Amino acid sequence: MTIAELVREAALEQVGYSADECLKCNVCNTVCPVARVTDLFPGPKYVGPQAARFRMGHTLPAQAKGLPRLASPDRTVDWCSGCGCCTAACPAGVKVAEMNSQSRARMKAGKLPKLRDWGLGQTDLVGTVGVLFRPIANWALANRPIRRLLHITFGIHHSAPFPKFSRGTYQSAWKRRQKRLQKQFGITAEPGPGAAVVYFHGCSVNYYEPEVAEAMIAVLARNGYEVIVPPQVCCGLPLISNGIYGEARAHAHKNLEILAGYARRGYKILGTSSSCIHTIKAEYREMLDIHDDEATVVANATWDICEFLLDLHDQGKLDTGFGPLPQDLPYHAPCQLRSHGIGLPAMDLFALVPGLRARDIDHDCCGIAGTYGMKKEKYGIAMAVGAPLFEKVRASGATEAACDSETCRWQIQGATGVRTRHPVEILLAAYRAADAADAAEAARR
Amino acid sequence: MPGADVVVVGAGLSGLTAALAAADSGARVQVLARGNAGTHWGSGGIDIAAPSGAATPRAGLEALAAVPGHPYAALSGEVEPALNWIRGILAAEGLTFEGTLDSPLQPAPTSIGGTRPVAILPTAQAAGARPWVSGERLIVCGVAGFKDFWPDAIAASLSRPGVWGGGSRPDGVVAVSVELPGLAARHNLSAVELARRFDDKAWRADAIERIATAVEGAAAGHAPGQGPGRVALPAILGLNDHPAIFDELRRRLPLEPFELPLVPPSVPGMRLYFALRAALIRRGGRVRIGEMIDHVECDGARVTAVATAAAARTSTVRTGALILATGGIAGGGIVADDAGHLEEVVLGLPVEAPPVEAWLSADAFDPEGHPLESAGIRTDADLRPVDRSGKPIYSNARVVGSLLAGGRLRDRCRDGVAVASGRRAAR
Ligand SMILES: Cc1cc2nc3c(=O)[nH]c(=O)nc-3n(C[C@H](O)[C@H](O)[C@H](O)COP(=O)(O)OP(=O)(O)OC[C@H]3O[C@@H](n4cnc5c(N)ncnc54)[C@H](O)[C@@H]3O)c2cc1C
């Protein structure tokens with residue numbers, strides 16, 4: 001093995017050991033969006049690599065898997081939003097954000113989590129109940145006094161952005177659709193891996209934004225792909241970011257078991273949430289320390305939708321018959337997307353749409369960081385972190401913005417009032433614009 | 001796989017300069033860097049050359065160009081045009097410099113109470129390098145609770161004539177410390193946090209008032225023979241709104257202020273990075289930070305694509321040319337093992353370096369510096385990396401900045417090498 005390979009391996013290896021690479025140069029502290037706006041968080045270096053030596057401890061194991069041995073001596077680590085900007089900026093390859101997530105989990109291990117933090121991790125439970133009692137739930141979440149009550153009793157900020165529950169879950173809608181197709185066409189067999197992809201829709205699509213799934217399916221259909229939607233549970237990211245690793249691991253194993261079957265048969269697994277997809281690609285292994293064959297097979301098969309479409313384009317297989325969308329489109333790349341390390345595929349795809357004036361806002365973080373900005377004590381920080389982004393979106397005068405992760409979309413839309421969509425929704429609109437132009441042409445003849 | 005005409009690896013001064021030059025010539029540029037580096041660690045200036053004995057950067061440049069194997073041997077004619085060009089770009093982003101290749105190299109005070117020879121400096125640091133006239137005093141003004149700047153220690157050290165190397169020096173150095181608003185409860189105050197507070201208009205109005213009061217007090221307290229003088233402040237005067245802040249301070253203070261660069265993270269260096277990055281993005285360039293190069297794809301001697309380590313797989317950018325700006329040993333572009341083997345991490349290029357026996361000097365603070373500083377990649381006149389026989393290894397790869405072999409930190413030529421080689425490589 002060459003030295004370069006060793007260095008690379010060390011950088012990719014165990015999160016905790018990467019603390020040894022820290023030069024204490026403070027670059028991470030300069031890019032931390034949270035430390036930028038509040039004195040409550042001293043910065044990622046202090047609670048991360050600098051505190052790492054206090055977490056090593058002498059007595060070995062009887063410890064939660066993959067976690068530092070001792071709790072963090074610095075409880076301010078809980079102010080870390082987990083955005084990952086520090087890891088990206090580090091000149092030495094230290095996994096600062098990952099280290100901080102793990103020490104938060106260590107700090108909370110063995111204790112009952114706060115009801116609020118646990119609840120924010122229960123996206124399936126909240127979603128199922130919310131969808132079931134949709135009218136009441138949506139009314140309640142838009143009702144000021146009730147939100148104030150939630151604020152006081154549960155600690156969920158009364159102004160935090162909350163989407164509306166949809167009519168039924170996406171899973172049940174999908175099952176109905178399959179039944180209908182079966183009845184109509186008698187199709188029973190799943191299409192093969194060459195003709196179809198597997199969709200990990202995540203909670204946002206399942207309970208709140210089915211239109212994103214519809215857009216993805218339509219865009220893929222345009223390119224000759226069918227979609228398979230297997231049963232699935234929340235990816236576990238909200239649990240990970242609330243330091244509840246044990247339960248997150250259970251979610252991971254459930255999903256891996258289902259997805260590995262498809263991955264082994266050669267299917268690609270696609271997602272429209274850059275956050276869930278990053279969790280499956282990286283965090284199951286890196287944070288939750290699941291290093292079995294299933295985790296690797298699934299990670300290798302898993303793609304962000306825009307990453308996949310751009311790859312199709314690279315092979316000359318993307319239908320680029322986009323119609324004109326003459327509009328300004330401010331785009332925000334979520335932190336989670338940047339952690340994929342794939343650049344900004346949505347921007348590359350937008351460049352294929354005639355007339356579309358997409359512009360990367362180039363701001364570090366919208367603030368929400370999953371569930372962080374929903375918490376009453378953190379809401380103000382989240383809004384301050386995102387403020388320059390909101391300002392730019394407002395100043396653009398655009399009527400729509402785009403972003404790849406759901407909670408960031410809700411945050412941007414909540415703060416600016418500008419309708420914020422997933423990139424595939426924009427691409428679908430561009431395909432439809434082409435159809436409309438064709439239809440108009442046909443009508444004229 | 002997105003495509004680019006030029007991929008630059010590294011986002012330090014050399015990488016960003018090369019990217020800017022390429023973008024200026026109409027190329028689609030993608031910068032890929034593992035992280036921030038030299039800009040965030042250095043002084044935010046653009047040092048050209050200050051080998052001992054040189055009176056001006058031009059004299060230093062000529063001396064270094066005559067040293068066999070020094071990067072300036074091939075680049076000396078490129079330095080001045082490149083410097084003027086990059087200064088124009090930076091000025092358009094609001095970051096101005098003072099001094100030229102013919103300005104005298106003057107001992108300017110540092111934040112640990114020493115001096116360093118400089119001639120070309122960002123405007124906010126420039127007054128530190130002007131010759132001192134008789135009767136002129138230096139007031140070192142610190143911020144209470146800020147641990148990276150100790151005004152009493154700095155003043156005590158700068159009061160020793162020897163520190164000034166026999167050149168002109170102030171007639172007396174005094175220290176003052178100011179209590180700035182809202183910092184009393186803060187621990188771990190960093191220069192960046194202070195700079196961000198200065199960006200806030202209301203906060204800085206108060207802060208500047210307090211600095212002015214302290215400086216006026218110190219100036220008056222020093223009474224007899226009231227001469228002119230200058231005020232040295234830690235380099236914390238804003239990040240986004242720096243020129244306006246410096247202007248406000250200059251108009252409010254009775255004496256000429258200047259900034260002293262500090263230990264990392266460097267606020268002046270971040271200003272430099274932000275200005276270069278903004279200029280690049282304005283020209284359609286793209287910057288991805290947090291990207292470790294995994295491998296490079298080639299077709300014979302042509303680099304065709306660069307792949308970075310991504311979540312679950314590598315991410316590939318197809319490219320027409322590659323510029324390596326990974327900064328050598330300090331920047332992470334070259335790594336060493338215990339046995340003394342050196343490796344260039346992106347292309348596995350042969351590294352030119354002193355033998356391992358020479359690495360461990362008897363004196364850890366040897367004024368000559370560390371022998372490994374000069375380790376780097378040997379290139380032809382077009383900056384293409386060459387093999388041991390001097391033949392270019394790749395037809396479309398170039399090496400720039402501190403990754404180039406030759407040159408030592410103590411000669412203060414690294415920034416000039418970065419700018420000159422960066423601009424040349426993109427041609
Ligand atoms: C503490 C310090 C003080 C200095 N003081 C002075 C001074 O007073 N005067 C002077 O002239 N010079 C000084 N220098 C040198 C100067 O700052 C730089 O070396 C010079 O500006 C050239 O920088 P560069 O762009 O070549 O490299 P760097 O600024 O080091 O940048 C290297 C870049 O390459 C990236 N990189 C490295 N490896 C990889 C990889 N495998 N994959 C992807 N990206 C990678 C890094 O993340 C970084 O972005 C100093 C340097 C240091 C460290």
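Side-chain atoms are counted along with the backbone in the values below, which use heavy atoms only and exclude waters and symmetry mates. All values derive from a computational prediction rather than experimental measurement. Residue numbering restarts at 1 for every chain, and letters A, B, ... go by the order of the sequence lines.
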Peer 1: Are there over 12 heavy-atom neighbours, none belonging to B/I281, within less than 6.0 Å of that residue's CD1?
Peer 2: yes
Peer 1: Where does B/I334 contact chain A at under 4.5 Å (heavy atoms): side chain, backbone, both or neither?
Peer 2: neither
Peer 1: Using side chain to side chain contact (heavy atoms under 4.5 Å, CB included) as the criterion, list what pairs up with B/A23, not counting sequence neighbours.
Peer 2: B/V29, B/L280, B/R283
Peer 1: Looking at residues at least two apart in the chain, or sitting in another chain, which of them share a ring pair (Phe, Tyr, Trp, His ring centres under 6.0 Å) with A/Y262?
Peer 2: A/Y267
Peer 1: Is any side-chain N of the basic residue among B/R318 and B/E297 closer than 4.0 Å to the acidic one's carboxylate O?
Peer 2: no
Peer 1: Could you work out, with side chain to side chain contact (heavy atoms under 4.5 Å, CB included) as the rule, every residue matching A/P388, not counting sequence neighbours?
Peer 2: A/R36, A/H363
Peer 1: May I ask you to check whether B/T319 and B/Q30 show a side-chain donor-acceptor distance below 3.5 Å?
Peer 2: no
Peer 1: Quick check for you: among A/Q315, A/M347, A/E307, A/K24, which has the greatest number of heavy-atom pairs under 4.5 Å with chain B?
Peer 2: A/E307
Peer 1: Who among B/L239, B/N36, B/T314, B/I289 has the most heavy-atom pairs with chain A under 4.5 Å?
Peer 2: B/N36
Peer 1: Taking the six-membered ring of A/W303, is the NZ or CZ of B/R313 close enough (under 6.0 Å from the centre) and on axis enough (within 45°)?
Peer 2: yes
Peer 1: B/L180 versus B/L183: any side-chain heavy-atom pair under 4.5 Å?
Peer 2: yes
Peer 1: Given that the side chain runs from C-beta out, which part of A/C25 has a heavy atom under 4.5 Å from chain B: side chain, backbone, both or neither?
Peer 2: both
Peer 1: Counting only non-hydrogen atoms closer than 4.5 Å, does A/T296 touch chain B with its backbone (N, CA, C, O), its side chain (CB onward), both, or neither?
Peer 2: neither
Peer 1: Chain A heavy atoms under 4.5 Å from B/S190: which part of the residue, side chain, backbone, both or neither?
Peer 2: neither
Peer 1: Among A/V27, A/N300, A/D39, which residue forms the greatest number of heavy-atom pairs with chain B at distances under 4.5 Å?
Peer 2: A/D39
Peer 1: Between the side chains of B/E259 and B/R271, is the shortest nitrogen-to-carboxylate-oxygen separation below 4.0 Å, so that they form an ion pair?
Peer 2: yes
Peer 1: In terms of heavy-atom pairs under 4.5 Å with chain B, which of A/T302, A/T87, A/D360 leads?
Peer 2: A/T302
Peer 1: If only atom types and distance count, is the side chain of B/E373 paired as donor or acceptor with the main-chain N or O of B/L409 below 3.5 Å?
Peer 2: yes
Peer 1: Do any of residues 275-285 of chain A come closer than 4.5 Å to chain B, heavy atom to heavy atom, and if so which ones, in number order?
Peer 2: A/H278, A/K281, A/A282, A/R285
Peer 1: As an exercise: rank B/A310, B/A312, B/G290 by heavy-atom pairs under 4.5 Å with chain A and give me the winner.
Peer 2: B/A312
